[in-house]
There are 2 protein chains.
Amino acid sequence: MHALMTSAPCTCTKLRRSARTLTALYDEALAPSGLTTPQFALLRTLDRAGPCSLTAFAERTGHDRTTLSRTIGALEAQGHVRFEAGADKRSRAVSLTEQGSAAIARALPCWSQAEDRIEALLGPDRARLFAILDRIEALPV
Amino acid sequence: MHALMTSAPCTCTKLRRSARTLTALYDEALAPSGLTTPQFALLRTLDRAGPCSLTAFAERTGHDRTTLSRTIGALEAQGHVRFEAGADKRSRAVSLTEQGSAAIARALPCWSQAEDRIEALLGPDRARLFAILDRIEALPV
DNA sequence: CCGATATACGTGTATATGCACGCACTGATG
DNA sequence: CATCAGTGCGTGCATATACACGTATATCGG
């Protein structure tokens, strides 16, 4: 009775594997820019969000706050972002440096190349994929 | 001219974020079993594949071989898998221990619970998602 | 049989990720 | 104003992930 179940594929594992494959593709495309895919995504999000507390940023990107504490820390060490005083003495506001903006500009054509390749591969299914992933992200965890 | 492009969402980032969300869901469901989602997936794959070299296993799961060298190493330390002599003096064969089989059996109902939840959330879109992810995984990287 | 190439593997290093925990500061309450 | 719950953060620890590189073994050509 459980025979089918125990051999059924795992949605999570499937998604994780695809994410690895896709990340390799994007990382290769982004390599000339010196940014990884997550780093590029963080910088671009920051560019749109403007100066931002870590907690707000984490909520926006769906990361754990302590994860950002380090990934953003690496971006700061590379000079792509800067920390300024926040509203409180508790909080810090992250903002993009000029170097960070330049890195985004440099990386954009690389990223477009990868994105175009996915667009060519998936066509209209890309929008369907996004819609399905939206439902997953909306899950109450 | 580039205004639209620069604000377009990134397929890779989207997929990565969904993978994080889904992993949190599965990890929570699997917590009573003491296994993480990747560990559960590895054990189950090993159960199906039978004793297997690391390289063959890596090809099957789509991981880098050196990644498995460590994740499998952790499973060995926990007693879930065992290394035996391979065909060569070079290679080692990984195989499931009885404890590993027991861990799978213990984890299966937990996993089913998570999987059922996704099935309920996505319905027929789950199969569409799989089809799209298959195309991504088939990418020549 | 010997040397070159190919194969199977591990390790050093680095990023990405998140949980548990603790610290500093803020704001409300009595 | 003294206290205490709540908020914003960082760090210790652990897993997952992969690239660059080195090592051991195998295999093939001459």
Side-chain angles (χ1 to χ4, degrees), chain A residues 12-13 15-28 30-31 34-43 51-78 80 83-94 141, chain B residues 12-13 15-28 30-31 34-43 45 51-59 61-78 80 83-94 141:
Chain A
C12 184
T13 303
L15 202 58
R16 289 177 64 89
R17 177 169 182 167
S18 303
R20 286 198 303 274
T21 302
L22 206 53
T23 300
L25 181 86
Y26 279 70
D27 274 348
E28 190 187 353
L30 284 172
L35 295 174
T36 66
T37 304
Q39 288 169 350
F40 171 69
L42 288 179
L43 290 183
C52 198
S53 81
L54 276 187
T55 297
F57 199 66
E59 188 142 349
R60 182 169 185 136
T61 63
H63 283 95
D64 186 89
R65 180 189 51 77
T66 66
T67 295
L68 286 185
S69 192
R70 289 175 234 237
T71 50
I72 298 282
L75 289 174
E76 187 203 13
Q78 294 166 20
H80 295 314
F83 282 106
E84 297 164 345
D88 277 348
K89 282 182 185 171
R90 294 174 290 185
S91 75
R92 303 196 294 169
V94 207
V141 182
Chain B
C12 183
T13 303
L15 201 58
R16 289 177 64 90
R17 177 170 182 166
S18 304
R20 286 198 302 273
T21 302
L22 207 52
T23 301
L25 181 86
Y26 279 70
D27 275 347
E28 189 187 355
L30 284 172
L35 295 174
T36 66
T37 305
Q39 287 170 351
F40 172 69
L42 288 179
L43 290 182
T45 300
C52 198
S53 80
L54 276 187
T55 298
F57 200 67
E59 189 142 349
T61 63
H63 283 95
D64 185 90
R65 180 188 52 76
T66 66
T67 296
L68 286 185
S69 191
R70 291 175 233 237
T71 52
I72 297 281
L75 290 175
E76 186 204 14
Q78 293 166 20
H80 294 314
F83 282 107
E84 295 163 347
D88 276 350
K89 283 183 185 172
R90 292 176 291 184
S91 75
R92 303 194 296 168
V94 206
V141 181

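Side chains included, hydrogens not; waters and symmetry mates left out as well; all remaining heavy atoms used. Just so we're on the same page: letters track the sequence lines, and every chain starts at 1.
Comparing dT17(D), dC9(D), dA16(D) against the side chain of Gln39(B) picks out dA16(D) as the nearest. Closest contact between the side chain of Arg90(B) and the listed nucleotides dT26(C), dG18(C), dT7(C) involves dT7(C). Closest to the side chain of Thr66(B), out of dG10(D), dA18(D), dG18(C), is dA18(D). Closest contact between the side chain of Arg70(B) and the listed nucleotides dG10(D), dT11(C), dC19(C) involves dT11(C).
The base of dC9(D) lies outside donor-acceptor range of the side chain of Ser91(A), with no N or O pair under 3.5 Å. In this model, a side-chain donor or acceptor of Arg65(A) finds a partner on the base of dG10(D) within 3.5 Å.
Here Arg90(B) pairs with Asp88(B) under the salt bridge (Lys or Arg N to Asp or Glu O under 4.0 Å) rule; sequence neighbours left out.
Nucleic acid contact class of Thr36(A) (heavy atoms, under 4.0 Å, all strands): sugar-phosphate only. Residue-level contact check: Thr23(B) touches neither bases nor backbone, having no heavy atom under 4.0 Å from any strand.
When each of Phe83(A) and Gln78(B) is assigned the nucleotide of DNA chain D with its nearest heavy atom, Phe83(A) is the one assigned upstream, toward the 5' end. DNA chain D is contacted by both Lys89(B) and Thr71(B); Thr71(B) maps to the nucleotide lying nearer its 5′ end (nearest heavy atom per residue).
In this structure, Glu28(B) atom CD and dC19(C) atom C1' are separated by 13 Å, rounded to whole Å. Rounded to whole angstrom, the span from the CG atom of Leu68(B) across to the P atom of dT17(D) amounts to 8 Å. The distance between atom CD of Glu76(B) and atom P of dC9(C), rounded to the nearest whole Å, is 14 Å. Rounded to whole Å, the distance from NE2 on His80(A) to P on dT15(C) is 12 Å. Taking atom CG of residue Asp88(B) and atom P of nucleotide dC9(C), one finds them 9 Å apart after rounding to whole Å. Going from atom CG of Leu15(B) over to atom C1' of dT17(D) covers 15 Å, rounded to whole Å. Distance CG (Leu54(B)) to P (dT11(C)): 12 Å, rounded to an integer number of Å. Straight-line distance from the CG atom of Asp27(A) to the C1' atom of dA14(C): 12 Å, rounded to whole Å.
Note that NE2 of His63(A) is 8.5 Å distant from CZ of Phe57(A), once rounded to the nearest 0.5 Å.
Look at Arg16(A) and you won't find any side-chain N or O under 4.0 angstrom from OP1 or OP2 of dA16(D). Checking the phosphate oxygens (OP1, OP2) of dG10(C), a side-chain nitrogen or oxygen of Ser69(B) falls inside 4.0 Å. In this structure, Ser53(A) does not reach the dG8(D) phosphate: none of its side-chain N or O atoms is under 4.0 Å from OP1 or OP2.
Between Leu42(B) and Leu68(B) there is a side-chain heavy-atom pair separated by less than 4.5 Å. A 4.5 Å side-chain heavy-atom check between His80(B) and Leu35(B) finds at least one atom pair inside the cut-off.
Across residues 55-64 of chain A, His63(A), Asp64(A) each have a non-hydrogen atom less than 4.0 Å from an atom of DNA chain C (numbered order).
A donor-acceptor contact closer than 3.5 angstrom links the side chains of Arg16(A) and Thr23(B). Side chain to side chain, Asp27(B) and Thr36(B) fail the donor-acceptor criterion of an N or O pair below 3.5 Å. Between the side chains of Ser53(B) and Arg92(B), no donor-acceptor pair of N or O atoms lies under 3.5 Å.
Pairing each heavy atom of Ser69(A) with each of Leu54(A), the nearest pair is CA-CD1, 4.1 Å.
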